[in-house]
Asker: 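First the structure, then my questions, so here it is.
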Amino acid sequence: MLKNGFQSRILERSADGENTIIVYRGSQAEMEQLADSLEANSPDAPGMLKSLRIKQESPRIWCCECRYETDRGGNISAPDTTFGKKSATLRGSTHALRLSEHPAYRMCWDHQLIAAPGITRLPTWWDSAATPRIGIETDAANYRWQRPGTQPVRTAAGVWQILAEPTKPGVETFDWSCYTITERARFRSDRSAGRMIAGKLNQIGTPVTTFGITGGNWKCCDAGVTWNGRCWVATLVWSRSRYETGWDTDLYPDGVES
C-alpha cells in the first residue's frame, strides 16, 4: 500500500452497503506498483476490493482509483485471495451406485425368491432380508435367492419354483448425492501450484473449511492446475464420505495435509 502518496476518499452509501473509493496520486511507476500490490485483498482495506483503474491526470501525475465494497450486513467473512491462500466453495455431487449399496437394501428388491418342489408358502422374512444368507436352518433347505434370468434349479425332487418376483424389477442403480468442497489458490508459478495438489488424490484429509458440516470425513477425488491468463490456479476437490464412520482407511490412506 502506498503510504506517503496523496490520496482522496469518497464514501457512497446505498441499501445494499457502502462503497469507498480511494484515489491515490503519484508517478506512473508508483501507481503501477500499487495496482500490482492490490491484486489480493489488503487486510487494512476498507472493504472488499471490487475494481481499480489507473489513469493519467497530467504529464507527471498519475492516479490509481480503488473501489472497495462493504456489505451493510455487519461482519462478513470473505475469502482471502492472496497468492497461495486457499478459498473454498461447497456444492452437491450425484453419483450412480449399485442398488445393493443402498443403506436400506433388501434382497427382494432385485432378486427372485425360489422354493423347493412342493413349497408354496412365502416366508415372513422374504421382504426384510438384507443378505442372501437364510438364517433359519429348515428354511435354508427349502428357499434360495436368485437373479432374474437364472437357469431353473433342478434337483432329484424336481424343479424349484419362483415364489416371488423382485419388487424393483430392472432397477440396478440409485442416485446418491454427497457434499463436495472445491479448494482453489492462486500462484505465480506452475511449480508452486503443482506442490499444492501433489500427493493428494485418493487421500483422506481435511479441506481448508468444511462449512460447518460435521460427521464422516473427506477424500480428495480430483485435482488440477490451470492458467487463467494472469496466474496459475491450483484446485482440489474433496468428497464427503457416505457414512458417518468415514472413508475406509484400508482402501484410502489417512492423514494427508490439505
Asker: Are L90 and I213 close enough that some pair of their side-chain heavy atoms sits under 4.5 Å apart?
Answerer: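 Side chain of L90 against side chain of I213, heavy atoms only: contact under 4.5 Å found.
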Asker: According to a hydrophobic-cluster definition based on side-chain heavy atoms being under 4.5 Å apart (Ile, Leu, Val, Met, Phe, Trp, Tyr only), do V233 and F83 belong together?
Answerer: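 Not linked; separate clusters.
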Asker: Would you say the side chain of S192 lies within less than 4.5 Å of the side chain of W232, judging by non-hydrogen atoms?
Answerer: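 No. Closest side-chain heavy atoms not under 4.5 Å.
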Asker: So which atom in H95 and which in C178 form the shortest heavy-atom distance, rounded to 0.1 Å?
Answerer: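 Taking H95 first and C178 second, the nearest heavy atoms are NE2-SG, 3.7 Å.
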Asker: Is there a side-chain contact between V171 and D110 (heavy atoms, below 4.5 Å)?
Answerer: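 With C-beta onward as the side chain, the pair stays apart.
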Asker: If you measure from CG on L163 to CG on N142, what distance do you get to the nearest 0.5 Å?
Answerer: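 Output value for this atom pair is 10.0 Å.
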Asker: Between L11 and E18, does a side chain to side chain contact (heavy atoms under 4.5 Å, CB included) hold up when you go through it step by step?
Answerer: CA-CA 7 Å; L11 178 63; E18 295 181 348; 4.1 Å; yes
Asker: Calculate, to the nearest 0.5 Å, the distance between atoms SG and CH2 belonging to C221 and W218 respectively.
Answerer: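 Answer rounded to 0.5 Å: 10.0 Å.
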Asker: Give the minimum heavy-atom separation between G216 and R240, together with the two atoms involved.
Answerer: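 Here G216 and R240 meet closest at N-NH2, 4.0 Å.
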Asker: In Å, rounded to the nearest 0.5 Å, how long is the span from CH2 of W62 to CZ of R25?
Answerer: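 Those atoms lie 14.0 Å apart.
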Asker: What do the steps show when you test D222 against T180 for side chain to side chain contact (heavy atoms under 4.5 Å, CB included), and what is the final call?
Answerer: CA-CA 10 Å; D222 195 10; T180 62; over 6 Å; no
Asker: Is L34 reachable from L49 through a run of hydrophobic residues whose side-chain heavy atoms are each under 4.5 Å from the next?
Answerer: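 Yes: a chain of side-chain contacts under 4.5 Å links L49 to L34.
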Asker: Minimum heavy-atom separation for P253 and Q203, please, with both atom names.
Answerer: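 Closest approach of P253 to Q203, heavy atoms only: CB-OE1, 3.4 Å.
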Asker: Show me the pairs that pass side chain to side chain donor-acceptor pair (under 3.5 Å) and involve residues 159-179, at least two apart or across chains.
Answerer: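 Sorted result for residues 159-179: T94-S177, Q112-E165.
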Asker: Can you tell if the side chain of V225 reaches within under 4.5 Å of the side chain of F187, non-hydrogen atoms only?
Answerer: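 Not touching, per the 4.5 Å side-chain cut-off.
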Asker: Is it the case that over 12 heavy atoms from other parts of the model lie below 6.0 angstrom from the CD atom of Q33?
Answerer: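 No, the 6.0 Å shell around CD holds no more than 12 heavy atoms from other groups.
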Asker: Identify the two heavy atoms, one from A223 and one from L201, that lie closest to each other, and give their separation to 0.1 Å.
Answerer: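 A223 and L201 have their closest heavy atoms at N-CD2, 3.9 Å.
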Asker: Between the side chain of E183 and the main-chain N/O of V208, is any donor-acceptor distance below 3.5 Å?
Answerer: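 It does hold such a pair.
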Asker: May I ask you to check whether Y143 and W125 place their ring centers less than 6.0 Å from one another?
Answerer: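 Yes - the distance between ring centres of Y143 and W125 falls below the 6.0 Å cut-off.
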Asker: Counting C-beta onward and ignoring hydrogens, is there a side-chain heavy-atom pair between W145 and L113 closer than 4.5 Å?
Answerer: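 Yes, at least one pair of side-chain atoms sits under 4.5 Å.
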Asker: So for atom CZ, which belongs to R60, do other residues, nucleotides or ligands contribute more than 12 heavy atoms lying within a distance under 6.0 Å?
Answerer: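 Not more than 12 within 6.0 Å, no.
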Asker: To check you understand the geometry: which heavy-atom pair defines the closest contact between F211 and A88, and what is its length?
Answerer: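 Result for this residue pair: CZ-O, 3.5 Å.
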Asker: Between W247 and S239, is there a donor-acceptor pair closer than 3.5 Å when you use the side chain of the first and the backbone of the second?
Answerer: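 Side chain of W247 to backbone of S239: a pair is present.
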Asker: Under 4.5 Å between any side-chain heavy atoms of L236 and P207, yes or no?
Answerer: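 Counting from C-beta outward, L236 and P207 never come under 4.5 Å.
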Asker: To the nearest 0.5 Å, tell me how far N19 CG sits from K50 NZ.
Answerer: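 N19 CG to K50 NZ: 9.0 Å, rounded to 0.5 Å.
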Asker: Assess whether side chain to side chain contact (heavy atoms under 4.5 Å, CB included) is satisfied between I61 and M31, documenting all intermediate values.
Answerer: CA-CA 10 Å; I61 302 299; M31 296 302 98; over 6 Å; no
Asker: With rounding to the nearest 0.5 angstrom, report the CG to OG1 distance, D254 to T206.
Answerer: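 Rounded to the nearest 0.5 Å, the CG-OG1 separation comes out at 8.0 Å.
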Asker: CZ of R230 to CZ of R188: how many Å apart, nearest 0.5 Å?
Answerer: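 Going from the CZ atom of R230 to the CZ atom of R188 covers 10.5 Å.
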Asker: Less than 4.5 Å apart, any side-chain heavy atom of I21 and any of E65?
Answerer: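 In short, these two side chains touch, coming nearer than 4.5 Å.
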Asker: If I compare all heavy atoms of S241 with all of Y243, which pair ends up nearest, and what's the gap?
Answerer: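 Closest approach of S241 to Y243: OG-O, 2.9 Å.
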Asker: Between S51 and R67, is there a donor-acceptor pair closer than 3.5 Å when you use the side chain of the first and the backbone of the second?
Answerer: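 Here the side-chain-to-backbone pair does not exist.
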Asker: Just wondering, more than 12 heavy atoms not from E137 lying within 6.0 Å of its CD?
Answerer: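 No, the 6.0 Å shell around CD holds no more than 12 heavy atoms from other groups.
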Asker: P148 versus P169: any side-chain heavy-atom pair under 4.5 Å?
Answerer: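 In short, these two side chains do not touch, never coming nearer than 4.5 Å.
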